[in-house]
Amino acid sequence: MTRDETTQGTMLLISGPSGSGKSTICKRLLEDPRVVFSVSATTRTKREGEVDGRDYYFLSVEEFREKRATGAFLESAEVYGNLYGTLREPMQEAIAKGFVYLVEIDVQGAMQLLAGAEPGIYVFIAPPSMEELEARLRGRGSETPESLERRLGKAEDEYRERHRYDHVVVNDDLNIAVADVRVIAGLDTPAGTEGATS
Ligand code: 5GP
């Protein structure tokens, strides 16, 4: 599955607050065969229907710790008592083959990659406004008043970090946001510049 022997690929990091629509944007980006998704490693138990190597690399705590000690992870975190991490090796392989390697990650994880100065394109997906974000989270219907408050507070903290990214894409209209990210990732040329010579 070589995309282009002569061209290096790139890491495309997509991050943003919960409710920003980053997962939907990532799903659309993955329709392009030049884009591959970063499969994380985790120590949590496999859920019904999940496949090892597709949804996650399921590792024991010992395996995870060993890998972490050898620097196998670009970043790792403990979430709800389980360990999660982004593996370095699959990314390096995909990039060498010319793929756009899509890392969808929360803002804390993105900060770890930034701190390590990992080369790549860092994109922050922003909601059109905090009011809209609140409406989207409420619309999910799965939030209690407490969890909504918590998520909104976290989203505000995360929003303040957006200047650290290479690009901020406001997800007001999904098609426009996807088109913008595709141009940023070099998957498309900007609209209106096709065939331009200068
Ligand atoms: P779940 O267990 O429901 O699939 O994921 C739980 C949480 O783990 C989610 O909030 C998700 O963002 C986070 N997560 C999944 N993979 C990674 C990863 O590779 N690194 C980090 N830092 N968090 C992850």
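Counting starts at 1 for both ligands and their atoms, following the listed order.
- The structure places CD1 of I95 at 10.0 Å from CG of L12, a figure rounded to the nearest 0.5 Å.
- With a 6.0 Å radius and a threshold of 12 heavy atoms from other residues, nucleotides or ligands, E149 has its CD atom at or below the threshold.
- By the 6.0 Å contact criterion, CZ on R140 is enclosed, its count of non-hydrogen atoms from other residues, nucleotides or ligands being greater than 12.
- One finds the CD1 atom of I125 at 4.0 Å from the CD1 atom of I25 (value rounded to the nearest 0.5 Å).
- Judged by a 6.0 Å distance limit and a 45° cone about the ring axis, R162 is positioned over the six-membered ring of Y159.
- E89 meets the side-chain contact (heavy atoms from CB on, under 4.5 Å) test with E93; sequence neighbours excluded.
- Ordered by chain and residue number, the residues placing a heavy atom less than 4.0 Å from ligand 1 are S40, R44, R47, Y56, E75, A77, V79, Y84, G85, T86.
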